[in-house]
Protein chains: 2
Amino acid sequence: MVSPARSEPRRVTIHDVARSAGVSRQTVSRALNDKAEIDGSTKQRVLDAARELGYRPSRFARGLVRQDTTTIGLVIPDLLNPFFTEVAAAALEAARARGWHVVVYDTADRAEEELSTLQVIGSQVDAVVGYFSCSESDLDRFTRGMPMVLIGREPRMGRFSSIRIDGEAGVHAAIAHLVARGHTRIGMLDHDNRAEPSVRRVWFTAAATALGVDPGLVAGAGQSADGGGAGLGNLLAAHPDVTAVFTFNDIVAIGALREARRLGRSVPRDLAVIGFDGLQFGALVEPPLTSVALDTRRLGALAIDQVGRLLTGADSLEPGELVVRAELRPGGSA
Amino acid sequence: MVSPARSEPRRVTIHDVARSAGVSRQTVSRALNDKAEIDGSTKQRVLDAARELGYRPSRFARGLVRQDTTTIGLVIPDLLNPFFTEVAAAALEAARARGWHVVVYDTADRAEEELSTLQVIGSQVDAVVGYFSCSESDLDRFTRGMPMVLIGREPRMGRFSSIRIDGEAGVHAAIAHLVARGHTRIGMLDHDNRAEPSVRRVWFTAAATALGVDPGLVAGAGQSADGGGAGLGNLLAAHPDVTAVFTFNDIVAIGALREARRLGRSVPRDLAVIGFDGLQFGALVEPPLTSVALDTRRLGALAIDQVGRLLTGADSLEPGELVVRAELRPGGSA
DNA sequence: TTGAAAGCGATACCAC
DNA sequence: GTGGTATCGCTTTCAA
């Protein structure tokens with residue numbers, strides 16, 4: 001639980017400025033807001049007094065009377081993960097285009113931070129967009145009545161809006177690509193930190209099965225490059241005949257790339273690697289990463305668009321519109 | 001200029017809830033804020049009414065009366081640049097630890113966005129931390145009286161606080177490292193988008209001169225991997241005898257690494273490369289990047305610490321404390 | 001336990 | 001052009 005920080009007690013108000021300049025509060029307001037109906041010299045006098053006293057208007061008082069600012073809360077599990085950075089950057093851009101402000105919360109992938117964020121966010125923003133892993137009832141309880149757009153998660157409660165991530169076709173294309181190149185033993189590095197298998201794993205299983213290859217060659221991997229390296233080691237130890245691997249995300253794939261090099265396996269000749277996310281960064285490694293790519297710009301923009309509709313009461317986007325589909329982006333690693 | 005977005009007109013207030021539940025406004029307030037002095041059944045009735053009406057308290061009204069929330073504005077030139085992402089993540093973490101909220105503004109490296117941000121930020125946050133490239137007078141004009149911490153820039157006006165980036169010793173160590181390995185023709189890829197040479201170039205020149213090597217082998221490079229590749233091409237075309245290169249930042253260095261590979265130059269054997277920033281990401285390329293590294297976590301935390309002091313009126317940190325020094329971090333590229 | 005009244009700090013609508 | 005006054009929505013004394 002965060003403890004509210006005491007900021008410096010607000011001292012100087014519009015009243016002080018008014019008194020100091022020998023005018024009314026009204027006139028101060030006019031001077032500060034560049035209103036027309038005010039005498040030039042009076043205005044200057046007020047401005048001087050304001051500067052003198054170090055006066056700054058209260059954003060709360062101002063917001064209370066002119067209800068014209070919109071602030072969105074953006075909740076991200078880990079800003080250091082380039083995928084979320086890209087989404088955040090896109091959301092910031094879309095919000096800026098509308099003149100909205102965005103408060104960013106990084107929950108550090110921890111359930112407790114997520115809950116504490118939910119608790120405080122309600123009184124700080126007008127609407128929320130982001131990634132959440134807690135239960136819907138917790139989500140609902142702490143954000144009663146708040147417009148919410150959930151990314152990459154399909155809510156049961158109608159009260160939440162969501163952006164669906166559809167990787168089915170993209171992953172199928174990836175595995176098909178590998179099969180077409182003659183691979184028959186295709187492994188996967190899934191995440192390892194949760195009880196249930198990931199959706200990406202489900203897509204992998206479906207694609208492998210449909211294409212007639214063994215979907216069972218799976219190892220867990222921590223969500224980092226080191227994790228990917230270790231995961232690849234485990235996978236190859238368990239299944240030495242694996243010649244291609246699909247990974248939970250690009251970071252893991254890059255770790256696998258590095259580990260493959262260490263093991264003396266040339267990529268893509270001895271081992272083909274395909275990641276997931278399509279990070280800009282994947283283009284910079286050697287060989288450039290082949291990946292099942294998500295359009296993160298679209299993802300962020302879509303989320304902001306939808307939350308805007310919730311906010312203004314405009315028609316919500318159709319479910320068919322609220323989807324970002326992944327597609328295979330060829331690099332040189334597979 | 002951003003136009004204020006009209007959010008849905010706030011409808012239901014605490015008054016409506018009170019009426020609906022047949023109690024007074026403060027009873028509603030008590031129920032919602034978990035105060036002690038309230039009957040259980042009354043409380044439940046109020047809560048039900050509130051949920052029924054979809055009531056959410058106004059953050060402005062609440063903020064106005066209990067002045068206990070602190071919001072920092074974080075201004076970043078480009079969130080997609082991993083360096084700024086790291087700084088932002090560190091700042092977010094430090095702010096969260098204090099229970100502060102952070103509104104993030106990405107100015108997309110554009111002067112106009114920076115100015116429009118300055119104009120609106122004043123009425124949205126309690127203090128500002130960030131990177132700015134506009135003039136101090138603009139900075140001052142738009143943020144009168146606002147506590148400000150400038151990063152990587154040394155303000156003349158006493159009104160601004162700042163975090164200094166000191167790369168002098170780090171760059172010297174880098175060039176000394178190269179000289180020790182026998183390099184005598186050491187080039188630099190500086191940025192190319194501004195009139196004046198960068199501070200990093202100044203450090204390079206000083207170090208090269210001190211170490212007795214020619215400081216004049218410099219080419220410009222766009223601030224991207226592609227820019228780095230092109231820049232290296234130009235540098236080598238102009239000075240074919242260059243055997244080592246120091247770059248403006250790690251992204252540029254990674255582009256140079258890639259270009260060197262394309263040219264058939266093995267790194268570090270045929271060409272040594274040293275970047276600047278020390279991105280986490282630099283460890284993932286091959287060979288891992290040697291870099292003059294900045295402690296981005298410390299940088300972000302320091303900025304938040306200092307802005308906190310400004311806010312509470314506590315003693316400011318000593319100038320000697322408000323510095324982040326870069327140091328050479330060995331990788332495999334030099 | 002509950003309610004009436006007094007702010008919080010600013011802007012808007014009127015008179016003057 | 002300028003100054004009262006009401007108001008924004010909520011919390012906090014203080015009585016009842």
Side-chain angles (χ1 to χ4, degrees), chain A residues 4 6-47 49-50 53-71 122-126 145, chain B residues 4 6-47 49-50 53-69 71 122-126 144-145:
Chain A
R6 279 294 308 124
S7 68
E8 171 171 335
R10 168 169 295 284
R11 255 169 244 309
V12 31
T13 76
I14 196 171
H15 188 83
D16 303 315
V17 179
R19 208 177 28 192
S20 163
V23 297
S24 73
R25 303 203 305 265
Q26 256 15 278
T27 306
V28 175
S29 178
R30 284 187 191 107
L32 262 46
N33 295 302
D34 271 326
K35 297 282 183 183
E37 316 105 337
I38 188 176
D39 185 81
S41 68
T42 313
K43 177 168 178 176
Q44 193 52 52
R45 187 153 40 92
V46 170
L47 258 28
L53 274 61
Y55 167 74
R56 277 189 319 123
S58 150
R59 65 197 151 100
F60 294 114
R62 179 175 280 182
L64 189 55
V65 44
R66 5 190 289 215
Q67 334 212 70
D68 62 353
T69 62
T70 299
T71 301
S123 53
Q124 293 293 325
V125 303
D126 301 309
Chain B
R6 279 294 308 120
S7 69
E8 171 169 338
R10 166 169 297 283
R11 251 168 249 309
V12 31
T13 77
I14 197 172
H15 187 82
D16 303 314
V17 179
R19 208 177 28 192
S20 163
V23 297
S24 73
R25 301 202 306 266
Q26 38 294 351
T27 302
V28 175
S29 179
R30 281 194 268 265
L32 263 45
N33 294 305
D34 273 324
K35 297 284 182 181
E37 317 106 336
I38 187 175
D39 185 79
S41 68
T42 313
K43 178 170 179 177
Q44 193 54 52
R45 188 152 40 93
V46 171
L47 259 28
L53 275 63
Y55 168 73
R56 276 189 320 123
S58 151
R59 59 172 208 266
F60 294 114
R62 180 173 281 181
L64 189 54
V65 47
R66 13 191 275 219
Q67 335 213 63
D68 62 352
T69 63
T71 301
S123 53
Q124 294 294 323
V125 303
D126 302 310
R144 56 170 74 171

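Since we're looking at a predicted model, the values are computed, not measured. Quick note on labels: first sequence line is chain A, next is B, and so on, each numbered from 1.
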Visitor: Rounded to the nearest angstrom, tell me the gap between atom CD1 in B/I14 and atom P in D/dG9.
Guide: 11 Å
Visitor: Please name the pair of heavy atoms, one in B/L53 and one in B/S20, separated by the smallest distance, quoted to 0.1 Å.
Guide: CD1-OG, 3.9 Å
Visitor: Tell me: CD of B/Q44 to P of C/dT1, nearest whole Å?
Guide: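 Atom CD in B/Q44 sits about 16 Å away from atom P in C/dT1.
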Visitor: Measure from NE2 on B/H15 to P on C/dA5 and round the result to the nearest Å.
Guide: 14 Å
Visitor: Which of these nucleotides, C/dG9, C/dA10, C/dT2, is closest to any side-chain atom of A/L64?
Guide: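 The nucleotide sitting nearest to the side chain is C/dG9.
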Visitor: Is a side-chain donor or acceptor of B/R45 paired with a backbone partner of B/A21 at a separation under 3.5 angstrom?
Guide: yes
Visitor: Just N and O in the side chain of B/T42: are any of them under 4.0 Å from OP1 or OP2 of C/dT2?
Guide: yes
Visitor: For B/A31 and B/V46, which heavy atoms make the closest approach, and how far apart are they?
Guide: CB-CG1, 3.6 Å
Visitor: Going through the checks in order, is the side chain to side chain contact (heavy atoms under 4.5 Å, CB included) test met by B/R59 and B/T69?
Guide: CA-CA 10 Å; B/R59 59 172 208 266; B/T69 63; over 6 Å; no
Visitor: Please tell me whether B/Q26 and B/S24 have a donor and an acceptor in their side chains that are separated by less than 3.5 angstrom.
Guide: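 Yes - a donor-acceptor pair under 3.5 Å links their side chains.
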Visitor: For a quick test of reading the model: is some side-chain N or O of A/S58 closer than 4.0 Å to OP1 or OP2 of C/dA10?
Guide: no
Visitor: Quickly work out the A/R25 CZ to C/dA10 P distance and round it to whole Å.
Guide: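 That distance rounds to 9 Å.
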Visitor: Can a side chain N or O of A/S29 be found less than 4.0 Å away from OP1 or OP2 on C/dT11?
Guide: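 Result: yes.
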Visitor: Answer with base, sugar-phosphate or nothing: what part of the nucleic acid does A/K35 contact at a heavy-atom distance below 4.0 Å?
Guide: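 Sugar-phosphate: the residue A/K35, judged by heavy atoms under 4.0 Å, touches backbone atoms but no base.
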Visitor: Write down the distance between CZ (B/R62) and P (C/dG9), rounded to a whole number of angstrom.
Guide: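 These atoms are roughly 18 Å apart.
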Visitor: Going by an N to O cut-off under 4.0 Å, is there a salt bridge joining B/D34 and B/K43?
Guide: yes
Visitor: Taking only heavy atoms on the protein side, list every residue of residues 16-24 of chain B lying under 4.0 Å from any atom of DNA chain D, sorted numerically.
Guide: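 Within this stretch, nothing sits under 4.0 Å of the strand.
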Visitor: Considering only D/dG3, D/dC10, C/dT2, which nucleotide approaches the side chain of A/T27 most closely?
Guide: D/dG3
Visitor: If you measure only the distance, is there a donor-acceptor pair under 3.5 Å linking the side chains of A/R56 and B/S123?
Guide: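 Checked: A/R56/B/S123 side chains show no N/O donor-acceptor pair below 3.5 Å.
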Visitor: Take the protein atom CD of B/Q26 and the nucleotide atom P of C/dA5, then report the distance between them rounded to whole Å.
Guide: 10 Å
Visitor: In whole angstroms, how far is the P atom of C/dG9 from the CZ atom of A/F60?
Guide: 12 Å
Visitor: Ignoring hydrogens and geometry beyond distance, is the side chain of B/R30 in donor-acceptor contact with the base of C/dG3 at under 3.5 Å?
Guide: yes
Visitor: Report the distance from atom CZ of A/R66 to atom C1' of C/dA12, rounded to the nearest whole Å.
Guide: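 After rounding, the gap between these two atoms is 11 Å.
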